[in-house]
Amino acid sequence: MTQTHVSTLLSTEQIAARVRELGAQITKDYEGRRLVLVSVLKGSFIFTADLCRAIDTHQVRIEFLGVRSYGEGTSTSGVVQITQDLSKPIEGEDVLIVEDIVDTGLTIAHLLELFKTRHPASIKVCSLLHKPARTKIEVPIDYLGFTIEDRFVVGYGLDWAERYRNLPFIGVVEAK
Ligand code: 5GP
């Protein structure tokens, strides 16, 4: 079996500092309003857990959306299947979709289309990472953690065949 090693791309401290900044910005922008955070599973569960604690208001509802995108290995096909829907309607609500990474943009584009049919008051996107080199469809990212190069990253919720999600930092898997 090949030995693998994960090299650090974004450290725990770098991520924590950026999440605090995003949380402060969101707190300011949504002042006096209620907010529904929609965490796109599984990849954004750790980011959502940290982000929601950096948002300083009691008016936050957390929802989870299970999504499966069909693709071979490390690439997406753009066909998105909802495996677990929201627990309550979002009609009339201010919705913020929380994603781990926007890669081709196909997943977010699909989710924005889907959610618009449910008539929320507003809908925005917060993504921890963005890989602009792989863009297939331009999507608005209202709150962005980091722009990264075209590398397949793992950790902080992101997996490689369901492994590495529990790494406390974001890294790149390398064969030794
Ligand atoms: P998109 O539809 O924008 O191409 O891809 C979105 C999804 O593909 C992400 O939510 C994530 O699950 C997966 N993905 C894209 N790039 C990476 C990556 O570098 N690492 C991991 N672990 N997943 C990725």
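One-based numbering, in listed order, for ligands and for the atoms of each. Quick note: numbers below take in every heavy atom, side chains included, and nothing from hydrogens, waters or symmetry partners. Residue numbers run from 1 in the order of the sequence given.
Heavy-atom distances between Arg151 and ligand 1 reach below 4.0 Å in at least one pair. Using a 4.0 angstrom heavy-atom cutoff, Gly43 does not count as in contact with ligand 1. For the pair Phe152 and ligand 1, a heavy-atom separation below 4.0 Å is found.
Those atoms of ligand 1 with a heavy atom of Glu99 less than 4.0 angstrom away are 10 (O). Taking every heavy atom of Thr107 and a limit of under 4.0 angstrom, the matching atoms of ligand 1 come to 1 (P), 2 (O), 5 (O), 6 (C). Heavy-atom proximity to Asp159, at under 4.0 Å, picks out these atoms of ligand 1: 21 (C), 22 (N). When each atom of ligand 1 is checked for a heavy atom of Lys131 under 4.0 Å away, the hits are 16 (N), 17 (C), 18 (C), 19 (O).
Contact annotation: for Val40 versus ligand 1, there are no heavy atoms closer than 4.0 Å.
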- side chain to side chain contact (heavy atoms under 4.5 Å, CB included) evaluation trace for Tyr30 with Leu96: CA-CA 10 Å; Tyr30 286 88; Leu96 183 59; 4.3 Å; yes

- CA sep, side-chain torsions, deciding dist, call: Leu37, Ile26, side chain to side chain contact (heavy atoms under 4.5 Å, CB included): CA-CA 11 Å; Leu37 288 184; Ile26 293 166; 5.6 Å; no

- For the pair Leu86 and Val38, evaluate side chain to side chain contact (heavy atoms under 4.5 Å, CB included) and give the outcome as yes or no after the intermediate values. CA-CA 8 Å; Leu86 308 180; Val38 175; 3.8 Å; yes

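For Gly105 against Val139, the heavy-atom pair with the smallest separation is O-CG1, 3.6 Å.
Within a 6.0 Å radius of CZ in Arg33, more than 12 heavy atoms belonging to other residues, nucleotides or ligands are found.
Considering backbone and side-chain atoms alike, Trp160 places every N or O at 3.5 Å or more from each N or O of ligand 1.
The pair Glu93-Arg61 meets the salt-bridge criterion, with a side-chain N (NZ, NE, NH1 or NH2) lying under 4.0 Å from an Asp/Glu carboxylate O.
Checked against Tyr156 for a side-chain hydrogen bond (donor to acceptor under 3.5 Å, both in side chains), the options Thr12, Asp50, Asp100 give a single hit: Asp50.
Comparing Val102, Leu158, Thr104 by heavy-atom distance to atom 23 (N) of ligand 1, the nearest is Leu158.
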